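Right, one structure below, let's go through it.
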There are 4 protein chains.
Amino acid sequence: MTKLKNEKYYAILQGALRTFAEHGFHKSQVSKIAKAAGVADGTIYLYFKRKEDILIALFREKLGELVAKFRASLDERADPVDSLRKLCEIHYDELEKDVDFAVVTQLELRQSSLELRREIGASFKPYIVLIEDIVRRGVESGAFRRDLDVKLTRLLVFGAMDEVVTSWLISGRKYSLRAQAEGTADFFLRGLLA
Amino acid sequence: MTKLKNEKYYAILQGALRTFAEHGFHKSQVSKIAKAAGVADGTIYLYFKRKEDILIALFREKLGELVAKFRASLDERADPVDSLRKLCEIHYDELEKDVDFAVVTQLELRQSSLELRREIGASFKPYIVLIEDIVRRGVESGAFRRDLDVKLTRLLVFGAMDEVVTSWLISGRKYSLRAQAEGTADFFLRGLLA
Amino acid sequence: MTKLKNEKYYAILQGALRTFAEHGFHKSQVSKIAKAAGVADGTIYLYFKRKEDILIALFREKLGELVAKFRASLDERADPVDSLRKLCEIHYDELEKDVDFAVVTQLELRQSSLELRREIGASFKPYIVLIEDIVRRGVESGAFRRDLDVKLTRLLVFGAMDEVVTSWLISGRKYSLRAQAEGTADFFLRGLLA
Amino acid sequence: MTKLKNEKYYAILQGALRTFAEHGFHKSQVSKIAKAAGVADGTIYLYFKRKEDILIALFREKLGELVAKFRASLDERADPVDSLRKLCEIHYDELEKDVDFAVVTQLELRQSSLELRREIGASFKPYIVLIEDIVRRGVESGAFRRDLDVKLTRLLVFGAMDEVVTSWLISGRKYSLRAQAEGTADFFLRGLLA
DNA sequence: AATGAATGAGTCTTCATTCAT
DNA sequence: GATGAATGAAGACTCATTCAT
């Protein structure tokens, strides 16, 4: 009985990730996911109530892992400037390393219905909060401008990185995503002015 | 007689815009769009080959209008810094003024399939190029940093604004979008550093 | 354009009657009904909202016809005794002549869910009322016992005939149903006592 | 050890009765019955080959009990007229006292397929035969009309009572079923004529 | 050109039944 | 015998698209 109790649960998520990445959410029939996961169609419904719940769970799990990695790498007491540079590096690095996840996050997620996206949005929250924390620490330490709107800034930072990743994917990943981290961090920190 | 032809063509686009805004992309059946446009279901297929082509055309038309507005407002010889500030203002202003369009652009149109999104991406191109022009002029004039990666920067700028608009919509438009323009432009120009 | 507008509507009802009679309600897949009706699966949903509505409509139509036949044959001013005898004759005669309808009415209808049966019950109402009318006229004219409970009697009469028909069907229709009319009417009129 | 076997067997029947009465036949999944019976899903298949066999057994058991009660109350040598009156009383009384059983017998169990109903029909046979016995004794004793068709009469009597019970249930049991026994017996005995 | 009735391919989900433990 | 996780067949319904009028 060394088998993991949730063995099938994770097999399904894994199969779904691969299937969504390859075919997109709407063209990923439940039977296709089941085959990719190596389980019967009906088995999926022992672990998920609706097909959409697979996507929701997938995001919760994967973004949870991602945030954990950030938390592990970013020292709460480190220099906010260093933290922001590191954030860019990890963001690009992790998505470049897990292309399936990147595809699903950047491209397929957006195909889901508005209600579904709202539910998934909750999974992004901790990551947005993490960005906010860095910005806030920067302001408080005097490293960042005192007049920054923290809530606005976290969106700008997230949105900017998000678009870079999406563009990289749509263009066919012809260049290194990781290599954009420095330019991105510079943009955030120094802005455009000479 | 081309005018009459255009009449139905635009009626369909108009009906589609209203229907997408109200029901979202996936719940906007062809028959619903036809009813909103005041034409028969079959008529739509005299003007569009597939349902998806309505989306593509809608995007092309609406983003074309938007870019035209930008071009009309932004003097090619104006100060790049002023141009960038103006860009933010117009971007937020136009979307705040036409919520239907904002909803469709930011939320509903992204529900389309990957291949479709690639096609729609072409419609964004002129706008991205417009941003690129401003950045390039800034670099060439010495107003912006010489070491800027123009291609990267245009994505960062577009992505950042895009996320702010989306967030504003999802949050229920509880604050002024236009009011975010100054902070956004400051972020782009001065960055975060004190 | 001499085509009947409801041509397909009745084709579907006809196909459904044949299919239900042969396979029963639950084993009559929509696609089977469509094939029997000579239409596409989807066409059925232009005329009926749910599969169950076909059954409901079928009963409404068929029982409507049946009641019309009764009304046509039964003079409101005729002797109640004669009317009751005629009722038995017509009841058995019509069902013997239309075995498909008999099978659906007596056997397949009962397979439907309780809610559905309630809806169908409404179609039986006019027939039950018709029986009640005869009984009431009999009581008022003095031909029938004054102490009869009209509401109870109409159920007893209907239930008795209903069971005879069902039994005849289940036994394989090995004898004449029509031939039971006299004995049935005698039972109703004279009772069992010598 | 057969007693233990019977324990679960009857637990399943009991669970099925409760489940059918509460949810109706079609919404009573095997797993629901198993839960009501306090056994595992698979256990049911140790005692019944198919789900439908539960129904058949339930009918056989419950109607067997009912017939036993009739046999216990009806003296074979009693006056046929009294016997028939008593039959009506017991029939209505027993079903009014056990509404769950009434619901299942009259409404839910009839939702089964035709083949199944044929099998279940066998369970009704002893009761029908019991009615036939009374009628036959009546004819032989001279109490009932000599020209009665015994086979037809047993159906008429059973069908009439059956319909009264069903109607009482569907109407929501707003009146006393037992109170209908006298009128019913009078109808059987004296008929309608004044 | 315009219509809208008709088409039929496509899919999520349920649930009776099995079988490894 | 008992379990309950796993199976996978089955089917109602939707809706983009066609085509006779």
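Proteins come first, then strands; the chains are lettered A, B, ... in the order of their sequence lines, and each starts at number 1. Predicted model, so just to flag it, every value in this text is computed and none were measured.
Remark: A/Glu22 engages no residue in a side-chain contact (heavy atoms from CB on, under 4.5 Å) (not counting sequence neighbours). With sequence neighbours excluded, the residues that form a ring pair (Phe, Tyr, Trp, His ring centres under 6.0 Å) with C/His26 are D/His26. Residues forming a side-chain contact (heavy atoms from CB on, under 4.5 Å) with D/Asp98 (at least two apart in sequence, or on another chain): D/Lys62, D/Asp100, D/Phe101. Every residue meeting the ring pair (Phe, Tyr, Trp, His ring centres under 6.0 Å) condition with A/Phe48, not counting sequence neighbours, appears here in chain and number order: A/Tyr9. In terms of the side chain to side chain donor-acceptor pair (under 3.5 Å) criterion, residue partners of D/Thr166 (sequence neighbours excluded) are, by chain and number, D/Gln106. Annotation: ring pair (Phe, Tyr, Trp, His ring centres under 6.0 Å) contacts of B/Phe124 (sequence neighbours excluded): B/Phe59, B/Phe158. Looking at residues two or more places apart in sequence or on another chain, you find a salt bridge (charged side-chain N to carboxylate O under 4.0 Å, His left out) between A/Arg50 and A/Glu52, A/Asp53, A/Glu119.
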Anything under 3.5 Å between a donor and an acceptor, one on a side chain of residues 28-41 of chain C, the other on a protein residue two or more places apart or in another chain? List them.
unit_1  : atom_1 : unit_2  : atom_2 : d
C/Ser28 : OG     : C/Thr19 : O      : 3.2
C/Ser28 : OG     : C/Gly24 : O      : 2.6
C/Gln29 : OE1    : C/Lys32 : NZ     : 3.2
C/Lys32 : NZ     : C/Lys27 : O      : 3.2

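Rounded to an integer number of Å, the gap from CD of B/Glu52 to P of F/dC15 is 16 Å. A/Tyr45 places its OH atom 5 Å from the C1' atom of E/dT13, with the value rounded to the nearest Å. Rounded to whole angstrom, the span from the NZ atom of D/Lys49 across to the C1' atom of E/dT17 amounts to 13 Å.
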Report task. Can you run through DNA chain F from 5' to 3' and write each base as (, ), [, ], | or . depending on how it pairs? Watson-Crick or G-U wobble, both distances under 3.5 Å. Result -> .||||||||||||||||||||

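Shown for residues 26-35 of chain D: no residue has heavy atoms falling under 4.0 angstrom of DNA chain F. A heavy atom lying under 4.0 Å from DNA chain F marks none of the residues of residues 12-19 of chain D.
Not one N or O on the side chain of A/Arg60 forms a donor-acceptor pair closer than 3.5 Å with the backbone of A/Ala122.
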